[in-house]
**Student:** 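Pasting in a structure now, in structure tokens, and then I'll have a few things to ask.
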Amino acid sequence: MTTTIAQPAIRRVEVGTSKVADETASTAAGIKITAEHVWVKYNGKAAVRDVTVEIRERSILALIGPSGSGKSTFLRCFNRMNDLIPGASVEGDVCLDGENVQDQGVSAVELRRRVGMVFQRPNPFPMSIYENVAYGPRRRGMGDKARLDDLVETSLKRAALWDEVKDDFRKKSGLALSGGQQQRLCIARVLATDPEVILMDEPASALDPVSTLRIEELMRELREQYTIVIVTHNMQQAARVSDITAFFTMGEDRAGYLVEVGATGRMFTNPTERLTEDYISGRFG
Amino acid sequence: MNAGTHSGRSDGGSLRGSSRAQLADTAATVTMWAIGGLVLLILGLIIVHFAIASLDVMSIGFLTGDTSESAVGGVFPIIWNSVYLLLFSLLLSLGILAGIYMSEYAARNRLTETIRFAEEAISSVPSIVVGMFGLILFVDTVHLPFCMLAGVLALTIFNLPLMTRLAEQALQAVPQSERQASLALGATKWQTIRHVVVPLGIPGLITGVILTAGRVFGEAAVLLFTAGQSVSTNLDFTNFNITDAASPYSPFRQGASLAVYVWDLNSNSINPYAHQIANGVAMVLIAIVLIFNLGARGLGRVLTRKLTAA
């Protein structure tokens, strides 16, 4: 689906300089996440090389780039999912609200409650829809039935799934839903844990076009409250939903690195780097 | 669809499948059906054979009576011994905890690979050898009498490692994506194990329990030398003193299991009805094993439902 230059996203106003700092300064919202000189290595071999990027609160950052450019690996630094991979190590600073998430004292469990994640393949638990959504809150010790009921309903509504499941969500298995519904269930499940940041690793790549659009609409709505980072292969998707786009590619050392980051509108119309232009115009990748 | 419809290019774009590919497909299907059918047939034959052969002795009295009641007698004490051994060895399920450790916590290194190898090696030692070892260790060295406890301990030698290994495999079969989903939602590792990994692994864990604890029923060689061949009679079920070797609840009591009794009847017995009794005991053994398997699977379904709700 890599076609020519994508349409600039809807309601884009700011087009301009290449420096993220300028772009972020132009808005009132503060910086939610900063990554400074971040390296990820597998058994000493670099997979992500020296990435520095800032993410504004209540914005959507899209990470685009060819396979192997380290987008997903980089994304996983924000909720320390790389901890789970034997041999993986992260260097540099990843800060959430100014606090370095790599610090010894920081609990990955606590971090993941604030930074939720939606995976590429919808992965609901083989439980009822209700139990899927209640999973996170229950693990935090929420046992009160009325509160859980409330939270499950609110989360399903916010994830735009409520209308489709309200009659049988207590009994129906999460696995009995369609792919697109399953992914919205996974989003509802994350929302129920009341996160501040939501990471999405190619959330629509396993879905049909209609389901994909629904997820994108949902992301635009969620942006009002949450900071979102999305990895996507689909450049139109990045153009449609994101405020800022970061383009990654793979170097000759096979390590992924950040080529360019900027306002999405500018990145897709007037990129600074030749590599970015080649990629978005479909000449490479 | 089948492979044939895609490989028809060689005969000029016709949609008729290549006959070789189709033949191979058919042959493989038929072979696998045949083998599957054979397995069912064998099981069916065994059940039917012993069901008919046991008609000579089968009665309510045979199931509830004492061995000494008549020439044929009953087998209730033997059934009791077997069930007692089985329940006792369900403690083997502790191997599940070791399996959880091996699957979820232990690092993949030389040491744990050696442990895995040892687990499999021990469980494939011939049971007569394990029986001799149990005799030397628990009876001759620790000076336990021939008793249930010695029998269960000897069974544990090769069943516990097997249970651990099977439990580990059952948990490894739970998709990594489920663990990731749970952890990414801010669940701790233990919560993930308790609420996702173990519930999803239950079918495999139940299979492990059936294979290991169920082995207790079939095992004769190990128990011959450790639990003894005594055909207990006149069990006094009001005697709750478990230190008294005469109490049916005592782990220090000697007693033959169903499988040991079958062996005893076929090799040592002077009872003129020994052969008929053996057929009856075999039928009882088969029935109990089937009930145990089905019961364990039913329990597994209930457990999965319980653990994944609430």
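Per chain, numbering begins at 1; letters A, B, ... match sequence-line order. Worth saying up front: this structure is predicted, and the values here are computed from it rather than measured.
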**Student:** Quick check on A:Pro195 against chain B: is it the side chain, the backbone, both or neither that has a heavy atom closer than 4.5 Å?
**Tutor:**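 Interface part for A:Pro195: neither.
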
**Student:** Heavy-atom pairs under 4.5 Å with chain B are the metric here; pick the option from A:Gly136, A:Pro126, A:Ala192 that has the most.
**Tutor:** A:Pro126

**Student:** Around B:Phe133, counting heavy atoms of other residues, nucleotides and ligands shown, do more than 12 lie under 6.0 Å from its CZ?
**Tutor:**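 For B:Phe133, atom CZ is not crowded (no more than 12 foreign heavy atoms under 6.0 Å).
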
**Student:** At their closest point, which heavy atom of A:Arg139 faces which heavy atom of B:Ala187, and how far apart are they?
**Tutor:**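 Looking at all heavy atoms of both residues, the shortest contact is CG-CB, 4.1 Å.
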
**Student:** Kindly compute the distance separating CZ (A:Arg113) from CG (B:Leu185), expressed to the nearest 0.5 Å.
**Tutor:** 10.0 Å

**Student:** By a 4.5 Å heavy-atom criterion (distance strictly below it), what part of A:Ser128 contacts chain B: side chain, backbone, both, or neither?
**Tutor:**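 Nothing of A:Ser128, per the 4.5 Å heavy-atom cut-off to chain B.
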
**Student:** Taking all heavy atoms of B:His195 and all of A:Met127, pick out the closest pair and write down the distance.
**Tutor:**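 Shortest heavy-atom contact: O-CE, 3.7 Å.
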
**Student:** What part of A:Phe125 gets closer than 4.5 Å to chain B, counting heavy atoms only: side chain, backbone, both or neither?
**Tutor:**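 For A:Phe125, backbone and side chain are both near chain B.
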
**Student:** Specify which of A:Met81, A:Glu110, A:Arg140 makes the most heavy-atom pairs with chain B at under 4.5 Å.
**Tutor:** A:Met81

**Student:** Of all the heavy-atom pairs spanning B:Gln180 and A:Arg76, show the shortest one and how long it is.
**Tutor:** OE1-NH2, 3.2 Å

**Student:** Which heavy-atom pair separates B:Val196 from A:Tyr135 by the least distance, and what is that distance?
**Tutor:**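 It is CG2-OH, 3.2 Å.
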
**Student:** Ignoring hydrogens, what is the shortest heavy-atom contact between A:Val109 and B:Gly186? Give both atom names and the distance.
**Tutor:**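 Closest heavy-atom pair between A:Val109 and B:Gly186: CG1-O, 3.1 Å.
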
**Student:** Is A:Arg189 in contact with chain B via its backbone, its side chain, both, or neither, using a 4.5 Å heavy-atom distance?
**Tutor:** both

**Student:** Testing the basics here: between B:Ala184 and A:Asn79, what is the closest heavy-atom pair and its distance to 0.1 Å?
**Tutor:** CB-ND2, 4.5 Å

**Student:** Rounded at 0.5 Å granularity, tell me how far OG in B:Ser182 sits from CZ in A:Arg112.
**Tutor:** 10.0 Å

**Student:** For A:Arg170, I'd like to know if atom CZ has over 12 heavy atoms of other residues, nucleotides or ligands within 6.0 Å.
**Tutor:**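 Check passes, neighbour count above 12.
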
